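Notes to accompany the following structure.
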Amino acid sequence: SACLLVFGIPVQANPHAPLLDNTPVERTLAVSDNDSVACLSAIEAAIDLSQSEIQITEVYIGLQGRAPDPGGLAYWVNQLDSAIAAGQDRGLALKKLTNDITLSEEWYAGIGANDGLTQSGAEAIVRAMYLNLFARPATAADVAYWSADLTTGRVTESEMVVLLIVGAQSKGNADGQVLESKRQAASYYSSNITAASFTRESATEAVADVTEPTTTYFVKVEDAFPDP
């Protein structure tokens, strides 16, 4: 079955401002009860998310182009929180963890199949990450800037995705708004899907159609949740 889900804007006043601690942030979601979603009743759900959960979810979107599976999210959040509790800087811990994620088979089967040290490979990586994070093609200037950083080794692919996320959020522009919309969709998916029902295809679909930074937006989730 297919359902259209309508997500609300986050409760916090500025959704692009970095959180100062790991305090849970409340998000609300309402499901539209109209002809296109006759299979669902109107629902309101509240999701409490830590800063680490938000950051790991954003990384998954950038690197894998999908919402995280619940088990993967829990694992990497625990790794990040443990590193911070041990005294590591959050930013440095996130970059190391992101690098660890790029060691996965899924990464090498996807964006990581491109060699970032070659010009063609670096350009492919830049274009793929822009589509994953911001749902738009990278400009010629974007490609030139980031491919130069990748081919010279000034940044790695894992560092690049973190820098893209932080940059978009600090500017508060359309890219940051689209990313936040995708992140909200991914968080709802990961908070409600079961391990038995999870597929990479449905996790990808959960964020793929989130393209407009509007106050309400629609996400098509096909076969992600079992019918009641």
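When a residue number appears, it is its place in the shown sequence, counting from 1. Treat the numbers as computed from the prediction; the structure is a model and nothing was measured.
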Distance (rounded to the nearest 0.5 Å) between Leu179 CG and Leu164 CG
9.5 Å
Do the side-chain N and O atoms of Ser158 and Thr156 include a donor-acceptor pair separated by under 3.5 angstrom?
yes
Where do Ala203 and Phe198 come nearest, in terms of heavy atoms and distance?
CB-CE1, 3.5 Å
Would you give the length of the straight line joining atom CD1 of Ile54 to atom CD1 of Ile56, rounded to the nearest 0.5 angstrom?
11.5 Å
Is the shortest side-chain N to carboxylate O distance from Asp175 to Lys171 below 4.0 Å?
no
Within-4.5 Å side-chain heavy-atom neighbours: Ile101 and Gln64
yes
Going by side chain to side chain contact (heavy atoms under 4.5 Å, CB included), Ile111 matches just one of Val161, Leu63, Val126, Asn132. Which one?
Asn132
Please check if any side-chain donor atom of Arg66 sits under 3.5 Å from a side-chain acceptor atom of Ser202, or the reverse.
no
When hydrophobic residues are tied together by side-chain contacts of less than 4.5 Å, even through go-betweens, does Leu103 share a cluster with Leu117?
no
Under the side chain to side chain donor-acceptor pair (under 3.5 Å) definition, can you give me all pairs with a residue in residues 111-128, not counting sequence neighbours?
Gln119-Glu123, Gln119-Ser147
Least distance between heavy atoms, Ser181 atom then Val210 atom
CB-CG1, 3.3 Å
Please report the interatomic distance CD(Glu53) to CZ(Arg183), rounded to the nearest 0.5 Å.
9.5 Å
Check for me, please, whether Val143 and Leu131 land in the same ILVMFWY cluster - side-chain distances under 4.5 Å, paths through other members count.
no
Is Ser197 reaching over with its side chain to a backbone N or O of Ile193, donor-acceptor style, under 3.5 angstrom?
no
Approximate separation, where rounding is to 0.5 Å, of Thr199 OG1 and Glu205 CD:
10.0 Å
Verify the cluster assignment for Leu92 and Ile165: are they in a single hydrophobic cluster under the rule of side-chain heavy atoms below 4.5 Å apart?
no
Flag, side chain of Asn192 to backbone of Tyr188, donor-acceptor distance under 3.5 Å
yes
Please say yes or no: joined through hydrophobic side-chain contacts below 4.5 Å, possibly via intermediate residues, are Ile125 and Leu163 part of one cluster?
yes
Using modelled atom types and a 3.5 Å cut-off, is there a donor and acceptor pairing between side-chain atoms of Glu180 and backbone atoms of Gln177?
no
For a quick test of reading the model, state the closest non-hydrogen atom pair linking Val178 to Ala135 and the distance between them.
CG1-CB, 4.1 Å
Side-chain donor or acceptor of Ser190 paired with backbone N/O of Ser187 under 3.5 Å
no
Taking all non-hydrogen atoms of both residues into account, name the closest pair between Thr151 and Ala122 and its distance.
CG2-CB, 3.7 Å
Output every pair passing salt bridge (charged side-chain N to carboxylate O under 4.0 Å, His left out) with a member in residues 189-200, not counting sequence neighbours, ordered by first then second residue.
Glu106-Arg200
With rounding to the nearest 0.5 angstrom, report the CD1 to OG distance, Ile84 to Ser52.
4.5 Å
Any side-chain heavy atom of Glu58 sitting closer than 4.5 Å to one from Leu94?
no
Please list all pairs passing the salt bridge (charged side-chain N to carboxylate O under 4.0 Å, His left out) test where one or both residues lie in residues 142-167, with sequence neighbours left out.
Arg136-Asp142, Asp149-Arg154
Is there side-chain contact between Trp76 and Asp100, with heavy atoms separated by less than 4.5 Å?
yes
In this structure, OH of Tyr60 is separated from OG1 of Thr98 (nearest 0.5 Å) by 10.5 Å
